[in-house]
Amino acid sequence: GKAFFYKGNYFDAQKNFQFLLNEYKGQAICYETNLWFARNKVEMGQYDEAREILDKLIEDEEYCPEKIRNACYPIYADICIQQKLYEEAIHYLNIACDNTRKKKTRIRYKYIIAQLYQELGDNMNALKSFDEVISMNPKYDIAFNAKINKATVFNGTSSSKEVLNS
């Protein structure tokens with residue numbers, strides 16, 4: 001199913017995920033399969049169905065592994081971004097950021113949050129978020145792009161020394 005998903009063949013991926021869910025009902029593999037099934041639904045534009053799957057995973061705190069539940073939040077954010085619900089996407093990305101241990105992933109989520117604030121026209125939060133990205137000591141290209149974006153967001157609400165010094 002994952003191979004079909006990465007190839008962009010979402011119909012065949014869906015068939016494979018559905019087969020696994022039917023064949024191994026109630027087994028541990030179903031949690032990860034449901035996660036991929038939800039991702040596939042998002043790519044197919046079936047947002048409500050994807051949300052239902054993710055909701056069930058999050059609600060199953062007793063049996064669903066924490067790693068799987070935490071992986072739901074970036075998918076929720078993806079749904080929101082595709083539907084242009086940027087404030088809700090920021091909320092889910094903040095949760096995802098808090099739940100990930102990988103520095104590279106946290107930097108990526110923070111960068112996306114900054115871009116979403118920029119898209120919303122919330123320049124102060126965009127500046128703050130780009131500053132957070134820069135302070136996390138990312139790779140050169142990410143830091144450079146964060147500084148460029150920070151400069152484009154600047155609209156005179158902060159002192160020019162603040163923007164130039166960071």
Side-chain angles (χ1 to χ4, degrees), residues 2-3 5-8 10 13 31-32 34-59 61 64-166:
K2 288 182 190 180
F5 177 85
Y6 283 122
K7 287 181 178 180
Y10 304 121
Y31 296 114
E32 186 177 357
N34 268 316
L35 189 67
W36 280 95
F37 195 41
R39 287 182 70 183
N40 196 67
K41 293 276 188 191
V42 171
E43 293 303 318
M44 294 176 73
Q46 300 169 349
Y47 305 121
D48 292 334
E49 292 175 32
R51 279 183 184 266
E52 285 177 29
I53 294 167
L54 295 171
D55 289 342
K56 287 177 186 172
L57 288 172
I58 298 243
E59 289 169 6
E61 290 182 32
C64 184
E66 184 178 2
K67 182 180 176 181
I68 299 292
R69 289 195 320 273
N70 290 342
C72 292
Y73 296 107
I75 300 171
Y76 274 124
D78 185 27
I79 292 169
C80 295
I81 291 169
Q82 290 191 28
Q83 293 181 319
K84 301 196 184 318
L85 303 170
Y86 299 136
E87 290 175 3
E88 195 176 342
I90 290 168
H91 168 73
Y92 287 123
L93 284 171
N94 278 320
I95 295 171
C97 221
D98 293 340
N99 291 331
T100 188
R101 294 181 184 159
K102 294 182 180 178
K103 178 183 173 185
K104 185 177 176 181
T105 305
R106 273 196 320 275
I107 290 169
R108 192 174 111 234
Y109 293 158
K110 285 289 184 186
Y111 193 91
I112 294 169
I113 289 168
Q115 289 178 313
L116 291 173
Y117 278 129
Q118 190 175 11
E119 187 68 28
L120 287 170
D122 187 348
N123 293 336
M124 290 308 294
N125 279 323
L127 284 171
K128 181 179 158 193
S129 296
F130 282 125
D131 279 337
E132 286 179 40
V133 169
I134 294 166
S135 72
M136 294 171 83
N137 198 20
K139 289 184 178 179
Y140 174 77
D141 58 334
I142 295 171
F144 180 77
N145 283 317
K147 288 178 182 181
I148 295 289
N149 278 315
K150 188 176 165 188
T152 61
V153 167
F154 178 69
N155 68 353
T157 56
S158 304
S159 74
S160 57
K161 286 183 182 179
E162 262 183 61
V163 172
L164 293 174
N165 289 334
S166 42

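- Taking CD1 of I134 as the reference point, atom CG of N149 lies at 9.5 Å (rounded to 0.5 Å).
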When the side chains of residues 92-102 are checked against the rest of the protein, which donor-acceptor pairs come out under 3.5 Å, sequence neighbours left out?
residue	atom	partner	partner atom	Å
N94	ND2	I90	O	3.2
N99	ND2	N70	OD1	3.3
N99	ND2	I95	O	3.2
T100	OG1	K102	N	3.4

Walk me through whether K103 and N137 qualify under side chain to side chain contact (heavy atoms under 4.5 Å, CB included).
CA-CA 10 Å; K103 178 183 173 185; N137 198 20; 4.0 Å; yes
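- Listed by first and then second residue, the ring-ring contact (aromatic ring centres under 6.0 Å, His included) pairs involving residues 38-58 amount to none (not counting sequence neighbours).
- Atom CG of L57 is separated from atom CD of E52 by 12.0 Å, given to the nearest 0.5 angstrom.
- Of the possible donor and acceptor atoms, one in the side chain of N145 sits under 3.5 Å from a partner among the backbone N and O of D141.
- The environment of Q82 atom CD is dense: over 12 non-hydrogen atoms of other residues, nucleotides or ligands sit within 6.0 angstrom.
- Contact of the K128 side chain with the Y117 side chain is not registered, since no non-hydrogen atoms from C-beta on lie closer than 4.5 Å.
- Using a 4.5 Å cut-off on side-chain heavy atoms (C-beta onward), Y76 and D55 make contact.
- Considering only residues two or more places apart in sequence or on other chains, I148 meets the side-chain contact (heavy atoms from CB on, under 4.5 Å) condition with F144.
- Using a 4.5 Å heavy-atom threshold, the side chains of C72 and K56 count as separate.
- Taken to the nearest 0.5 Å, the OG1 atom of T152 stands 9.0 Å off from the CG atom of N123.
- How far CE of M44 is from OH of Y10: 10.0 Å, rounded to the nearest 0.5 Å.
- The only option from R39, R69, K67, K2 that meets the salt bridge (charged side-chain N to carboxylate O under 4.0 Å, His left out) definition with E32 turns out to be K2.
- The side-chain heavy atoms of I79 and L54, taken from C-beta on, include a pair separated by under 4.5 Å.
- Inter-residue side-chain proximity for I53 and K41 is flagged as met; some heavy-atom pair is nearer than 4.5 Å.
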